[in-house]
Amino acid sequence: MISLHGHPSGRHFLQIPGPTNVPDRVLRAMHRATIDHRGPEFGGLGRAVLQGMQWVFQTRSPVIIYPSSGTGAWEAALVNTLSPGDRVLMAETGHFAALWQRLATRLGLDVEILEGDWRHGADPARIEARLAADAGHRIKAVCVVHNETSTGAVTDVAQVRQAIDRSGHPALLMVDAISSLGAMDYRHDEWGVDVGVAGSQKGLMLPPGLSFNALSERALRAAASARLPRSYWDWSAMLTLNEGGYFPYTPATTLLYGLHEALDMLRAEGLERVFARHRRLAQATRAAVRAWGLELVCQDPAACSNALTAVLMPDGHSADALRKVILDRYDMSLGQGLGRWSGKIFRIAHLGDFNDLSLCGALAGVEMGLAAAGVPHRPGGVQAALDYLARPAAGRHEKG
């Protein structure tokens with residue numbers, strides 16, 4: 001809606017799966033002067049956020065914070081543990097898995113792709129079979145995306161670890177948790193992940209600009225003999241100074257202020273409640289999609305993401321045209337289709353600083369947009385979501 005001054009009235013609905021909405025508390029925390037990044041006040045901030053990230057990753061091992069996007073953390077995971085020509089087994093689950101594969105190839109790694117249909121998570125059985133056949137242990141790492149942001153399909157990381165263990169293979173397990181950390185259950189230590197990758201602009205409720213590597217003892221041992229070039233991404237320089245809360249180069253101080261506040265917010269809510277909230281919102285969203293008579297991209301009900309929902313358009317209808325109608329009329333941004341799904345799907349994000357009423361407004365915008373764009377659908381999606389959200393409190397912590 002356009003105001004008399006030519007600007008949209010009300011707040012913009014940002015329903016893309018990252019960057020997500022930044023809470024006012026975090027914005028206020030970042031609105032302060034920069035301090036000496038070698039001084040004692042900064043050391044306290046650094047130690048607090050590094051320990052806080054261990055809590056979010058659910059690990060006792062070190063977590064490294066980079067001033068970068070998640071792409072930088074992808075690169076850091078690879079260059080700190082591998083050598084030129086090493087073979088890496090990468091599961092193709094969607095657009096972001098494909099981008100990580102492309103990056104690995106550019107680094108000079110021998111990338112072996114387990115092809116997928118972009119509608120499911122990685123298949124642990126296929127990973128196990130391929131590792132079992134690798135008698136010479138040429139494969140040095142297995143890389144999977146926990147929550148594939150382009151499709152809304154989740155990989156069961158615990159089952160992937162079990163598959164690697166059953167094969168008796170020594171390959172490292174690397175996991176992209178960029179769009180799941182802080183929104184969905186991720187257990188770095190319990191699941192036996194060697195390098196976890198994350199970013200600030202999703203479940204952590206920050207602007208883009210920070211990325212993370214959560215490590216393991218096996219990853220640290222691999223780093224001692226890895227020969228891919230690294231300088232900016234070098235773990236060893238980070239780990240040495242991180243002991244005192246400092247960094248080997250100028251950190252993104254303002255974002256670290258915001259991270260400290262976001263961690264306080266997550267602690268106050270509690271991780272289990274955070275995960276339960278995201279499950280509820282995801283279930284309500286899927287109830288709306290089913291009521292509209294539309295199809296989810298993810299074809300495995302047990303693997304549907306709790307961070308976002310990707311929806312297929314009916315044949316002959318453009319997702320980009322629908323997204324434009326919704327943006328122009330209702331000032332709401334939906335996620336676009338990426339890669340092979342370009343123009344064919346739209347994505348509704350429901351993660352980060354988000355609650356029941358925010359979701360109801362977003363789904364109302366989608367339902368009105370479907371009607372305005374002439375997309376075949378059944379009405380009643382918003383009502384289906386309302387009915388789900390209005391269930392008694394006992395139903396609010398169900399799994400799924």
Can you give me the closest heavy-atom contact between [X] and [Y], atom names plus distance?
| X | Y | answer |
| --- | --- | --- |
| Ala132 | Ser167 | N-CB, 4.0 Å |
| His146 | Ser180 | ND1-OG, 2.8 Å |
| Pro67 | Tyr232 | O-OH, 3.0 Å |
| Gln101 | Glu92 | NE2-CA, 3.4 Å |
| Ala98 | Trp118 | CB-CZ2, 4.4 Å |
| Arg277 | Gly352 | NH1-O, 2.9 Å |

How far does [atom1] of [X] sit from [atom2] of [Y], to the nearest 0.5 angstrom?
| X | Y | atom1 | atom2 | result |
| --- | --- | --- | --- | --- |
| Ser200 | Leu206 | OG | CG | 5.5 Å |
| Met174 | Ser216 | CE | OG | 9.0 Å |
| Leu389 | Leu359 | CG | CG | 6.0 Å |
| Leu99 | Trp74 | CG | CH2 | 4.5 Å |
| His350 | Leu363 | NE2 | CG | 8.5 Å |
| Leu241 | Ser236 | CG | OG | 10.0 Å |

* To do: Would you please test Trp292 and Leu370 for side chain to side chain contact (heavy atoms under 4.5 Å, CB included) and show each step?
  => CA-CA 9 Å; Trp292 289 325; Leu370 290 169; 3.9 Å; yes

Count I, L, V, M, F, W, Y as connected when their side-chain heavy atoms are under 4.5 Å apart, and connections chain through other members. Are [X] and [Y] then in the same cluster?
| X | Y | answer |
| --- | --- | --- |
| Leu308 | Leu338 | no |
| Val157 | Val88 | yes |
| Ile345 | Ile16 | no |
| Leu114 | Val154 | no |
| Leu327 | Leu322 | no |

Check: [Y] main-chain N/O paired with [X] side-chain donor or acceptor under 3.5 Å:
| X | Y | value |
| --- | --- | --- |
| Glu367 | Val382 | yes |
| Arg218 | Pro170 | yes |
| His278 | Leu351 | no |
| Arg347 | Gly152 | no |
| Ser179 | Asn147 | yes |
| Gln299 | His120 | no |
| Arg47 | Gly244 | yes |
| Gln54 | Arg60 | yes |
| Tyr66 | Ala73 | no |

Do [X] and [Y] come close enough that some side-chain heavy atom pair is under 4.5 Å?
| X | Y | result |
| --- | --- | --- |
| Met30 | Pro207 | yes |
| Val195 | Leu172 | no |
| Val56 | Phe212 | no |
| Trp191 | Val175 | no |
| Phe247 | Asn242 | yes |
| Asp264 | Arg25 | yes |
| Leu294 | Pro314 | yes |
| Thr155 | Val145 | no |

Testing the 3.5 Å rule here: is there a donor-acceptor pair between the side chains of [X] and [Y]?
| X | Y | value |
| --- | --- | --- |
| Asp234 | Ser231 | no |
| Trp235 | Asn213 | yes |
| Thr253 | Thr34 | no |
| Trp341 | Gln336 | no |
| Ser318 | Asp320 | no |

Can you establish whether the number of heavy atoms outside [X] located under 6.0 Å from its atom [atom1] is more than 12?
| X | atom1 | value |
| --- | --- | --- |
| Arg11 | CZ | yes |
| Asp36 | CG | yes |
| Glu243 | CD | no |

* CA sep, side-chain torsions, deciding dist, call: Arg340, Glu115, salt bridge (charged side-chain N to carboxylate O under 4.0 Å, His left out) -> CA-CA 13 Å; Arg340 68 175 66 172; Glu115 294 183 351; over 6 Å; no

* Asked: Taking the six-membered ring of Phe275, is the NZ or CZ of Arg273 close enough (under 6.0 Å from the centre) and on axis enough (within 45°)?
  -> no

* To do: Run the numbers on Asp194 and Arg221 for salt bridge (charged side-chain N to carboxylate O under 4.0 Å, His left out), then give the verdict.
  => CA-CA 11 Å; Asp194 292 301; Arg221 289 196 296 271; over 6 Å; no

* Asked: Under the side chain to side chain contact (heavy atoms under 4.5 Å, CB included) criterion, do Gln58 and Asp185 qualify, and how do the steps go?
  -> CA-CA 9 Å; Gln58 301 190 61; Asp185 197 4; 3.1 Å; yes

* Asked: Taking the six-membered ring for Trp, is the centroid-to-centroid distance between His169 and His137 below 6.0 Å?
  -> yes

* Would you sort out whether Arg32 and Glu261 count as a salt bridge (charged side-chain N to carboxylate O under 4.0 Å, His left out), showing the intermediate values? => CA-CA 13 Å; Arg32 55 176 293 193; Glu261 189 70 17; over 6 Å; no

* To do: Could you check Glu295 against Arg119 for salt bridge (charged side-chain N to carboxylate O under 4.0 Å, His left out), going step by step and ending with a plain yes or no?
  => CA-CA 11 Å; Glu295 183 179 353; Arg119 303 196 70 173; 2.8 Å; yes

* Look at the rings of Phe42 and Tyr246 and say which category their plane angle falls in: under 30° parallel, 30 to 60° tilted, over 60° perpendicular. => parallel

* Worked check of side chain to side chain contact (heavy atoms under 4.5 Å, CB included) between Thr309 and Cys304 -> CA-CA 8 Å; Thr309 298; Cys304 287; over 6 Å; no

* To do: Take Leu220 and Ser61, measure what side chain to side chain contact (heavy atoms under 4.5 Å, CB included) needs, and give me the verdict at the end.
  => CA-CA 10 Å; Leu220 289 168; Ser61 294; over 6 Å; no

